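Reading through the structure tokens given below for one structure.
The first residue in the sequence is number 1, and the count goes up from there. It should be emphasised that the depicted structure is a prediction, and the values quoted were computed from it without experimental measurement. We count ligands from 1, going down the list as the structure has it; atoms in each ligand are counted the same way.
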Amino acid sequence: MNAQPKINPLDQLTFDNRFVSELPADQETRNYPRQVLGACYSHVLPTKVTKPVTVAHAKEVAALVGLSESDCQTDDFSQVFAGNRLAVGMESFAMCYGGHQFGHWAGQLGDGRAINLGDVINRQGQRWALQLKGAGLTPYSRMADGLAVLRSSVREFLCSEAMFHLGVPTTRALSLVTTGEQVVRDMFYNGNPKAEPGAVVCRVAPSFIRFGSFQIHAARGDLDVLKKLADYTINTHFPHLGKPSPDVYVTWFEEVCRTTAEMIVHWQRVGFVHGVMNTDNMSILGLTIDYGPYGWLENYDPDWTPNTTDKAERRYRFSNQPACAFWNLGQLANAIYPLVGQVESLQQALNVFTQVFGEQWQLMMCKKLGLSRFDSDQDDALFAELLAVLQMVETDMTLFFRQLAEVDLGKDTLENSNIEELIAPLTEAYYLPEQLTPEYISCLLAWLKRYNQHLIQDGIPHEIRRERMNRVNPKYVLRNYMAQIAIDKAEQGDFALIAELLELLRHPYDEQPEKAQYAAKRPDWARQRAGCSMLSCSS
Ligand code: AMP
Ligand code: MG
């Protein structure tokens, strides 16, 4: 009796690789670093690795692409998502793009260590592009090795999923696979190279097209490819806008301005600092993309940036993210200008960013404070004063907003309140108790009084305010030190904390009292530790 040939579940996925079939390919098929002209991508195979082991996967993302829990536990899954085997229907390629890095045009960048596997069409008819990060050299690798280390892969894997569950638009992460190989990195570019375990993350998003994908063709004056890519993007990802035309390019750009503004409002809401908002790291779909030296605000410091490479200028500091997004959109407008042919309409569309960001930011602040509506007579001052109070002493942003929901307000004026009792819930949010001077307390109290007035006008019961606030103010975020502990353990071969944090961060707004240790302030040891307070682009 002949045994039935075993069919791998991964070979049963449905692929529709439109990016490959509809857009111009690089004619050179040999894999060496070069300028790729007249093409949107190059065919390239992932580099095989010796011992792929899946150390984590996200079950929701697996379900999105049509894989079951047991499908993710097979050796074939590890082989495919380390790049050792292409499943039936996969076509591997690296995308060509350029970008402005730290405000300067950098020419061709491209997928130097990302290799796309094609687009799965799931049972609901949704398109999900799969992309391996760290799967080896491509024509865009320039002087680098095309690989990724475990450290940065853990950070990308956990943070993409944490952001998704926080409600922030983002690319997703399907899997984290160690390769069994060592990768050498000089983490702070200071002459201390070290071998680190290699890993590959499989990222998932409707598309990985970036602002820089358009910029490269515009910069080269290749309007034919620019138009092909814009038309492809609109037809595939913005079909509701209609057939591409000069007017449709403008409405498309307007939509990019809107989704980008919404994404940045979310970043500001949860205290996320991207760290490298170069135009090659800006998704055309308004998704958070490329988790490198990102960080989470612990104490509220608008000037904070986690990226040591950006230490002097702090271009990508927390408070500058909206301005950087706007600047990047301006570069995208320049790139598509040849398709539109007139400046005014693009300029107007660009204003949509400012308008949407302004409105959404106000709305977001109202929600964070549990207010029913924005009151233009008083709330600008209410928000400004709050941000000033948060900076007066070292105040943990996440804990402050979460605990503010516990402060008993909205009933009467605070004239006869016991101040100590009133502000007791907030004490967890302060890093340095000695900073809580009478001067600070009186500023805090003045702000609480102002806030209380608004709450009294709203007339919402305390429980309802708390419930509202807890839906937008997370209890759990991926604090920099938490990711670092998970990395330290993973580098010792213990991956349990990655699974634990993934599970925790699936419900960031829930109390999860048994996990309360993760809702605490950054410990003192993490204040100056690499990976916790300082990160570099080395990954
Ligand atoms: P990033 O700062 O990660 O957005 O990367 C900027 C550019 O450098 C992109 O073109 C990346 O593909 C490329 N790059 C980053 N790291 C590597 C690496 N290890 N090997 C090859 N290319 C890389
Ligand atoms: Mg990048």
May I have every N or O pair linking ligand 1 to the protein at under 3.5 Å, one per line with atom names and distance?
| unit_1 | atom_1 | unit_2 | atom_2 | d |
| --- | --- | --- | --- | --- |
| ligand 1 | 4 (O) | N281 | OD1 | 3.0 |
| ligand 1 | 4 (O) | N281 | ND2 | 3.2 |
| ligand 1 | 4 (O) | D290 | OD2 | 3.3 |
| ligand 1 | 8 (O) | R142 | NH2 | 2.7 |
| ligand 1 | 10 (O) | G110 | O | 2.6 |
| ligand 1 | 12 (O) | G110 | O | 3.1 |
| ligand 1 | 12 (O) | G112 | N | 2.7 |
| ligand 1 | 16 (N) | R113 | NE | 3.4 |
| ligand 1 | 19 (N) | D145 | OD1 | 3.1 |
| ligand 1 | 19 (N) | L147 | O | 3.3 |
| ligand 1 | 19 (N) | R185 | NH2 | 3.3 |
| ligand 1 | 20 (N) | G146 | N | 2.7 |

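Classification of the F93-Y41 ring pair by plane angle, with boundaries at 30° and 60°, yields perpendicular.
Salt bridge status for R315 with D310: absent, with no side-chain N to carboxylate O gap under 4.0 Å. For the pair D222 and K227, the salt-bridge criterion is not met [side-chain N within less than 4.0 Å of a carboxylate O]. A salt bridge links D119 to R127: one of the charged nitrogens lies within less than 4.0 Å of a carboxylate oxygen.
Residues R210 and I284 are not in side-chain contact: their nearest non-hydrogen atoms beyond the backbone lie 4.5 Å or more apart. Considering only heavy atoms from C-beta on, C537 comes within 4.5 Å of N307 through its side chain.
Counting backbone and side-chain atoms alike, N278 contributes no N/O/S atom closer than 2.8 Å to the Mg ion (ligand 2).
Per residue D290, closest N, O or S atom to the Mg ion (ligand 2): atom name OD2.
For F253 and Y249, the ring centers sit 6.0 Å or farther from each other.
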